[in-house]
Amino acid sequence: MPLQLGDPVPDFNATTTQGPIRFHEWMGDGWAVLFSHPKDFTPVCTTELGEVSRLKPEFDRRNVKVAGLSVDPLDSHARWAEDIRETQGHALNFPLIADPDRTISSLYGMIHPNADNTLTVRSVFVVGPDRKLKLTLTYPASTGRNFDEILRVIDSLQLTAKHSVATPVNWKQGQDVIIASSLSDDDARTKFPEGWSAPKPYLRIVPQPGSKR
Ligand code: BEZ
């Protein structure tokens, strides 16, 4: 059974380019992004790992730890890190997990045999501080992911975890949001005393809570 949204994510011990970690302990009190790539020394993966290194301050700002993973061994990760620095202009600055025996890949369902029998696909798991799965994505080997989108989803997840709101299509930080359907109009009046606009009774729009507009 694949991991589904809301499931507690499995804990594991891992060997990484930044030393051994125990996943749940390593997360601390924050969020985590665990993502797999198919193979070291491959072009799309090289660009992805460089980009995540470039974006690391953005993940830090959101209290999100990032870890990558493939079935390559640690010495391969270490040698490849040099190529990432050289070609992408950003040195690898987060742990890259070596999973040669596929223990973690299997635990998280990162190997999709009809795509490839042995290599991990491009999986992404966003995990909340409660160690539950908040988002999962699966991309094929031939398509590099958009990590700006992953940051955008984290912004939405962190906002909706704090306030009774949802975020509309293509929402970005600072834009208007939607009052959660679970909130009655009476309760909404308490939470949003300035009111809202409602083109339909079920579509109640308010400025993003906490936004400096
Ligand atoms: C790549 O990163 O370019 C790649 C990796 C595995 C299969 C195909 C492409």
Side-chain angles (χ1 to χ4, degrees), residues 1-5 7 9-10 12-21 23 26-27 31-60 62 64-127 133-155 157:
M1 178 77 160
L3 273 176
Q4 297 187 323
L5 298 187
D7 287 352
V9 301
F12 56 82
N13 286 306
T15 304
T16 86
T17 48
Q18 295 188 355
I21 62 166
F23 185 58
W26 169 81
M27 282 183 62
W31 295 64
V33 173
L34 174 66
F35 71 99
S36 55
H37 66 274
K39 201 166 169 45
D40 293 359
F41 298 102
T42 51
V44 177
C45 299
T46 302
T47 62
E48 285 192 332
L49 281 265
E51 177 64 359
V52 176
S53 298
R54 186 184 74 80
L55 290 173
K56 172 78 165 27
E58 291 298 320
F59 287 103
D60 290 345
R62 292 162 173 83
V64 181
K65 293 207 172 160
V66 187
L69 176 151
S70 79
V71 299
D72 298 285
L74 200 58
D75 67 309
S76 165
H77 283 351
R79 281 183 287 113
W80 184 39
E82 182 49 34
D83 288 3
I84 294 166
R85 187 197 59 73
E86 185 188 321
T87 62
Q88 306 304 306
H90 294 276
L92 191 67
N93 54 10
F94 58 90
L96 195 53
I97 295 170
D99 188 35
D101 63 7
R102 299 183 198 126
T103 308
I104 303 163
S105 324
S106 304
L107 202 57
Y108 275 73
M110 293 165 167
I111 295 179
H112 295 206
N114 289 332
D116 191 294
N117 245 332
T118 53
L119 302 180
T120 44
V121 290
R122 297 189 196 281
S123 299
V124 181
F125 299 91
V126 176
V127 184
L133 183 64
K134 306 299 179 189
L135 168 95
T136 181
L137 289 173
T138 308
Y139 275 45
S142 51
T143 304
R145 288 159 285 197
N146 182 336
F147 285 89
D148 286 331
E149 167 62 4
I150 292 163
L151 284 168
R152 188 191 76 86
V153 178
I154 289 168
D155 284 342
L157 287 167

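Each ligand, and each atom within it, is numbered from 1 in the order the structure gives.
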Aromatic ring pairing Phe41/Trp80, orientation class (parallel under 30°, perpendicular over 60°, tilted between): tilted
Ring center gap for Phe94 and Phe59 short of 6.0 angstrom: no
Ionic contact status for Asp148 with Arg152, cut-off 4.0 Å: no
Reported CG-to-NE2 distance for the pair Leu119 and His37, which is rounded to 0.5 angstrom: 9.5 Å
From CG (Leu49) to CZ (Phe147), nearest 0.5 Å: 8.0 Å
Below 3.5 Å only, please: the N or O atoms of ligand 1 paired with protein N or O atoms, distance on each line.
| unit_1 | atom_1 | unit_2 | atom_2 | d |
| --- | --- | --- | --- | --- |
| ligand 1 | 2 (O) | Thr42 | OG1 | 3.0 |
| ligand 1 | 2 (O) | Val44 | N | 3.1 |
| ligand 1 | 2 (O) | Cys45 | N | 2.8 |
| ligand 1 | 2 (O) | Arg122 | NH2 | 3.1 |
| ligand 1 | 3 (O) | Pro43 | N | 3.4 |
| ligand 1 | 3 (O) | Val44 | N | 2.8 |

Any donor-acceptor N or O pair under 3.5 Å, side chains Asp72, His77: no
